[in-house]
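No experiment lies behind these values; they were computed from the predicted model shown.
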Amino acid sequence: MTAGAQDTVQLLLSRIRDVPDYPKPGVLFKDITPLLADPEAFSALTDELAALCAAHGATKIVGLEARGFILAAPVAVRAGLGFIPVRKAGKLPGATLRQAYELEYGTAEIEVHAEDLAPGDRVMVIDDVLATGGTAEASIELIRRAGAEVAGVAVLMELSFLPGRARLEPALSGAPLTALITV
């Protein structure tokens, strides 16, 4: 890691607030709202993610609901690429592709507009946190079902004590997974 990249990681870390016992006792929540409120930190994050998109040859960016939208939309603008929201089921009008995935206790579904992705697209998936990996894994499946290729997955923060990376690795099929910060 270059000195500049280390400086960026330190800036980002300094703007992430620990909130103990939220949303329940024993959980240490990583709050990114101070980072988003700081234009220097938010811009540095946007630059890092846009550079990853360029390095991996992305032609479109998928943001995962909801905090992934906040990160992915400015990255798409900075990188000069299209932004595609992946939403919870039932939130998009028109024809959609839908993918179910397993949660700790049950299942959920996400959707993307069917016409937003096409063969030849190289798609970078962006989200705030990689935890268990279920949503990211489902988004990879949606991208491939649309005929597009996964350029990579990039997250601000990976929670290393959860199995997200291990869950995603088979689905990635060699596409890179990048976490700017690992806790």
Side-chain angles (χ1 to χ4, degrees), residues 5 8 11-12 15-16 30-101 108-131 133-158 164 168 171-173 175-181:
T8 297
L11 172 63
L12 299 176
R15 301 305 189 274
I16 297 171
K30 300 290 188 178
D31 181 14
I32 68 167
T33 58
L35 185 156
L36 300 173
D38 180 322
E40 179 187 3
F42 196 11
S43 185
L45 172 60
T46 301
D47 288 343
E48 287 293 319
L49 293 172
L52 284 172
C53 291
H56 299 308
T59 60
K60 290 187 178 171
I61 296 173
V62 155
L64 304 182
E65 188 166 339
R67 290 181 300 256
F69 294 176
I70 297 168
L71 304 185
V75 170
V77 170
R78 182 84 37 97
L81 302 174
F83 167 73
I84 296 145
V86 169
R87 306 247 9 226
K88 294 175 183 169
K91 301 287 186 178
L92 292 172
T96 61
L97 294 174
R98 183 178 287 196
Q99 182 66 41
Y101 62 100
E109 292 181 323
I110 56 173
E111 293 180 327
V112 66
H113 275 132
E115 72 274 4
D116 288 347
L117 296 170
D121 288 336
R122 286 187 46 80
V123 183
M124 179 67 79
V125 177
I126 295 180
D127 204 5
D128 64 329
V129 174
L130 175 62
T135 308
E137 181 183 41
S139 72
I140 289 169
E141 180 63 26
L142 278 177
I143 291 164
R144 291 197 175 120
R145 283 181 46 215
E149 182 181 344
V150 177
V153 175
V155 296
L156 166 60
M157 187 174 9
E158 178 180 355
L168 275 187
L172 287 166
S173 298
L177 168 60
T178 304
L180 301 180
I181 298 167

For this session: Determine, step by step, whether Thr46 and Val75 satisfy the side chain to side chain contact (heavy atoms under 4.5 Å, CB included) criterion, reporting the C-alpha distance in whole Å, the side-chain angles of both residues, the deciding distance to 0.1 Å, and the verdict.
Result: CA-CA 5 Å; Thr46 301; Val75 170; 4.1 Å; yes
Problem set entry | Pair Ile126-Cys53, side chain to side chain contact (heavy atoms under 4.5 Å, CB included): steps then yes or no | CA-CA 10 Å; Ile126 295 180; Cys53 291; 4.2 Å; yes
For this session: Apply side chain to side chain contact (heavy atoms under 4.5 Å, CB included) to Ile143 and Leu117, showing your working.
Result: CA-CA 7 Å; Ile143 291 164; Leu117 296 170; 4.0 Å; yes
For this session: Report the C-alpha distance between Arg78 and Ser43 in whole Å, list the side-chain angles of each, state the deciding distance to 0.1 Å, and finish with yes or no for side chain to side chain contact (heavy atoms under 4.5 Å, CB included).
Result: CA-CA 10 Å; Arg78 182 84 37 97; Ser43 185; 3.7 Å; yes
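Across Ala72 and Phe83, no two heavy atoms sit closer than the pair CB-CE1, 3.5 Å. Pro176 and Ala151 get closest at one heavy-atom pair: CD-O, 3.2 Å. Of all heavy-atom pairs between Met124 and Ala58, the closest is CB-CB, 3.9 Å. Closest non-hydrogen pair, Leu168 versus Gly133, comes out as CD2-O, 3.7 Å. In plain terms, the two heavy atoms of Ala146 and Pro119 that are nearest each other are O-CD, 3.9 Å. Among all heavy-atom pairs drawn from Thr8 and Ala44, the shortest one is CG2-CB, 4.1 Å.
Counted within 6.0 Å of CZ on Arg144, heavy atoms from surrounding residues, nucleotides or ligands total more than 12; the atom is thus considered enclosed.
Going from atom CZ of Arg145 over to atom CZ of Arg98 covers 10.5 Å, rounded to the nearest 0.5 Å. Atoms CG and CG, from Leu180 and Asp128 in turn, are 11.5 Å apart once rounded to the nearest 0.5 Å. Atoms OG1 and CD1, from Thr96 and Ile110 in turn, are 11.0 Å apart once rounded to the nearest 0.5 Å. A distance of 5.0 Å separates CG of Leu52 from OG1 of Thr178, quoted to the nearest 0.5 Å. Distance CG/Leu12 to CD1/Ile181: 5.0 Å, rounded to 0.5 Å. The line from CG of Leu36 to CG of Leu45 is 8.0 Å long, rounded to the nearest 0.5 Å.
With Lys60 as the fixed residue, the side-chain contact (heavy atoms from CB on, under 4.5 Å) test singles out one of Asp116, Leu81, Asp121: Asp121. Paired with Leu35 under the rule side-chain contact (heavy atoms from CB on, under 4.5 Å), one option of Leu11, Leu71, Ile16 passes, and it is Ile16.
Counting only distance, with no hydrogens or angles, the side chain of Arg122 and the backbone of His56 share a donor-acceptor pair below 3.5 Å. The main-chain N or O of Phe42 is never found under 3.5 Å from a side-chain atom of Arg15 such that the two would form a donor-acceptor pair. For the pair Asp31 (side chain) and Thr33 (backbone), a donor-acceptor distance under 3.5 Å is present. Side chain of Glu65 to main chain of Lys88: a donor-acceptor pair is present (N/O by atom type, distance under 3.5 Å, no hydrogens or angles).
Here the side chains of His113 and Pro93 are in contact, with some heavy-atom distance below 4.5 Å. Side-chain contact between Val125 and Val86 is absent, with no heavy atoms from C-beta onward closer than 4.5 Å.
Looking at Glu111 and Arg87, no side-chain N of the basic residue comes within less than 4.0 Å of a carboxylate O on the acidic one, giving no salt bridge.
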